[in-house]
Amino acid sequence: MKFFLDTANLEEIKKIKSIGMMNGVTTNPSLIAKENIFNKNEIDAHYISICKLLNNEENLSAEVISTEYEDIINEGIKLSLLSPKIVIKVPMTINGIKSIKFFSKKKIRTNCTLVFSLGQAILVAKSGADYVSPFLGRLDDLSFNGLQLIKEIKEIYDNFKFKTKILAASIRNPIHIIECAKIGIDAITTPINVIYSLFNHPMTNIGLDKFLKDYRKKIK
Ligand code: G3P
């Protein structure tokens, strides 16, 4: 199961990279807007800086901000030329799906984002996207069962042996990651705090504290 970090922050990427728990990065326009970046050239330079932190097996999903077909194609091609590590993140719209079909024929990798239903997930797979990003947390926020959606997407993709990888997005807590692992999907993308939460257990801290106290009482 691959772990992507859902961020555009270089320091966060370096931290998770250094503990070896990162297989790539996903960004979105809101995450980019949180960084100290103010124009298109700076955004491109920022994407290149992120790619430099990744090895050749890792990738960065960079999202288009265009909504018209021709514009998505032009923006996506430009993004793909920044680095071979870039996967073009495209929203789940008619123009988005048309663009994914185009990119797929050109062997440009894509991640279809803002997926909230099974119908959308089927369209994404049929378009030839490399990744589908169902938004777990945002569904839960509205009292829909995000994990149920992930489970059913997996069932349908398995039925047809679709090659599109399921990358659960909008992860809010460690339970989301654990349940996604039980369902057996390909990947999750998570904010840094949820990765840290996976490490925590009070019994680990209590146990370590006791081991060290016992040792230090006896051994100088
Ligand atoms: O990057 C897409 C997704 O992970 C966004 O998550 O927390 O804004 O719902 P969130």
Side-chain angles (χ1 to χ4, degrees), residues 1-13 15-17 21-35 37 43 46-47 49-51 53-54 58-67 72 75-76 79 85-93 96-97 99-100 109-118 120-121 123-124 127 129-151 153-154 164-181 183 185-198:
M1 185 191 204
K2 299 222 158 130
F3 278 16
F4 287 78
L5 196 60
D6 204 21
T7 189
N9 185 278
L10 297 175
E11 292 314 307
E12 289 188 0
I13 296 166
K15 279 183 193 155
I16 299 304
K17 175 99 183 149
M21 281 301 146
M22 200 191 76
N23 305 107
V25 174
T26 59
T27 58
N28 63 42
S30 306
L31 293 171
I32 287 286
K34 280 192 196 165
E35 300 304 308
I37 310 171
I43 294 174
H46 196 77
Y47 285 145
S49 302
I50 295 177
C51 288
L53 296 174
L54 306 178
E58 298 165 344
N59 63 58
L60 162 68
S61 284
E63 187 162 341
V64 296
I65 50 151
S66 309
T67 52
I72 297 174
E75 193 184 347
L79 284 171
K85 294 172 190 166
I86 288 189
V87 172
I88 310 304
K89 204 172 179 191
V90 180
M92 170 59 229
T93 59
I97 291 293
S99 313
I100 289 170
R109 289 179 295 170
T110 52
N111 173 356
C112 188
T113 187
L114 290 165
V115 169
F116 292 91
S117 75
L118 285 175
Q120 291 178 330
L123 296 171
V124 174
S127 71
D130 294 84
Y131 296 95
V132 60
S133 289
F135 276 36
L136 228 174
R138 289 193 197 185
L139 277 170
D140 287 359
D141 293 344
L142 296 175
S143 303
F144 289 95
N145 190 335
L147 283 166
Q148 187 60 30
L149 175 68
I150 306 276
K151 201 183 263 177
I153 294 175
K154 167 94 168 81
T164 304
K165 292 187 167 63
I166 303 171
L167 200 180
S170 187
I171 295 279
R172 298 270 195 269
N173 56 57
I175 302 296
H176 277 159
I177 299 180
I178 294 161
E179 291 302 320
C180 282
I183 294 166
I185 59 163
D186 306 281
I188 52 97
T189 185
T190 174
I192 190 168
N193 62 309
V194 183
I195 297 201
Y196 285 139
S197 307
L198 284 176

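As the structure lists them, so they are numbered: ligands from 1, and atoms in each ligand from 1. Heads up: numbering here begins at 1 and tracks the sequence.
- Within ligand 1, the atoms closer than 4.0 Å to a non-hydrogen atom of Phe135 are 2 (C), 3 (C), 5 (C), numbered from 1 in the order shown.
- When the shell of 6.0 Å around OH of Tyr196 is examined, it contains more than 12 heavy atoms from other residues, nucleotides or ligands.
- Looking at Val194 and Pro174, their side chains come closer than 4.5 Å, going by heavy atoms from C-beta outward.
- By the salt bridge (Lys or Arg N to Asp or Glu O under 4.0 Å) test, Lys154 pairs with Asp158, sequence neighbours left out.
- Other residues, nucleotides and ligands contribute at most 12 non-hydrogen atoms within 6.0 Å of the NZ atom of Lys165.
- Considering backbone and side-chain atoms together, Asp6 places an N or O closer than 3.5 Å to an N or O of ligand 1.
- Side chains of Thr190 and Asp6 form no contact here, defined as non-hydrogen atoms less than 4.5 Å apart.
- Numbered from 1 in the order shown, with element, the atoms of ligand 1 that lie under 4.0 Å from a heavy atom of Lys89 read 1 (O), 2 (C).
- Close contacts of ligand 1 with Arg138, meaning ligand atoms under 4.0 Å from a residue heavy atom, involve 5 (C), 8 (O), 9 (O), 10 (P).
- When each atom of ligand 1 is checked for a heavy atom of Arg172 under 4.0 Å away, the hits are 7 (O), 9 (O), 10 (P).
- Checked against a 3.5 angstrom limit, the closest N/O atoms of Ser170 and ligand 1 fall inside it.
- At under 3.5 Å, not a single nitrogen or oxygen of Thr189, backbone or side chain, sits near a nitrogen or oxygen of ligand 1.
- Proximity of Asp186 to Tyr131: side-chain heavy atoms (C-beta onward) are nowhere separated by under 4.5 Å.
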